[in-house]
Amino acid sequence: DNDEVEEEGFRITRDMMDRMDNSTWLRNELADGGLRQMIYNIDSADDVAAMAKNPHSRYHKKRKMGRMNKPEKSPREIALENAKITNPKFANFIDRLMLLT
C-alpha cells in the first residue's frame with residue numbers, strides 16, 4: 001500500500017485523502033450530478049485525446065516538451081482550465097477543495 005498517490009508533479013498525501021474522505025462539505029458538493037459530470041469530463045480528457053490520436057493503441061502519458069523546454073499542458077490540465085473559465089462556481093469549488101486539502 002502506497003502512503004502517497006503521485007501524478008506528475010502533484011502529490012496527494014494520506015492526510016489530504018483523509019481530509020477529503022471525512023469532509024461533509026465535499027460529500028454534499030459531490031451530490032450535484034452536474035459537478036460530477038464536469039469532473040468526469042476533465043478526468044476523461046486524456047482518454048478522449050488519446051483515442052482521437054490513435055484509436056487502436058494505449059495512450060502513453062509521456063509529456064511532450066513545448067517551447068523553451070516547458071512541458072506542454074496535458075489534455076486534463078487544459079480541460080480543467082477551460083472548466084474554471086466557463087464556470088465560476090466550479091472555479092470556486094476547486095479553490096475551496098484546495099483549501100480543504
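Since the model is a prediction, treat every value here as computed from it, not as a measurement.
- Listed here is the closest heavy atom pair of Ala31 and Arg36: O-NH1, 3.1 Å.
- Rounding to the nearest 0.5 Å places CG of Leu80 at 9.5 Å from CD1 of Ile85.
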Step-by-step side-chain contact (heavy atoms from CB on, under 4.5 Å) determination, Phe93 to Asp32: CA-CA 12 Å; Phe93 166 79; Asp32 181 328; over 6 Å; no
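- Minimum heavy-atom separation, Leu97 to Met20: CD1-SD, 4.0 Å.
- A salt bridge links Arg19 with Asp15: the distance from a Lys NZ or Arg NE/NH1/NH2 to an Asp or Glu carboxylate oxygen falls below 4.0 Å.
- Taken from CG in Asp95 to CZ in Phe90, the straight-line distance is 10.5 Å, to the nearest 0.5 Å.
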Arg96 and Leu26: CA distance, side-chain angles, deciding distance, side-chain contact (heavy atoms from CB on, under 4.5 Å) verdict: CA-CA 9 Å; Arg96 187 155 178 199; Leu26 184 57; over 6 Å; no
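- By the criterion of side-chain heavy atoms lying less than 4.5 angstrom apart, applied directly or through intervening Ile, Leu, Val, Met, Phe, Trp or Tyr residues, Met38 is not grouped with Ile78; the two fall into different hydrophobic clusters.
- Cluster annotation: Ile12 is connected to Met98 through the hydrophobic network of ILVMFWY side chains, with a link wherever side-chain heavy atoms come within less than 4.5 Å.
- Going from atom CD of Glu29 over to atom OG1 of Thr24 covers 12.0 Å, rounded to the nearest 0.5 Å.
- Separating the CG atom in Asn82 from the CG atom in Asn41 is a distance of 11.5 Å, to the nearest 0.5 Å.
- The main-chain N or O of Asp18 is found under 3.5 Å from a side-chain atom of Asn22 such that the two form a donor-acceptor pair.
- For Thr101 against Met16, the heavy-atom pair with the smallest separation is O-CG, 3.5 Å.
- Remark: side-chain polar atoms of Arg76 are paired, donor with acceptor, to backbone N or O of Asp43 under 3.5 angstrom.
- Here the closest non-hydrogen pair linking Glu81 and Lys73 is OE2-NZ, 2.6 Å.
- Expressed to the nearest 0.5 Å, how far CD1 of Ile42 lies from CD of Gln37 amounts to 10.5 Å.
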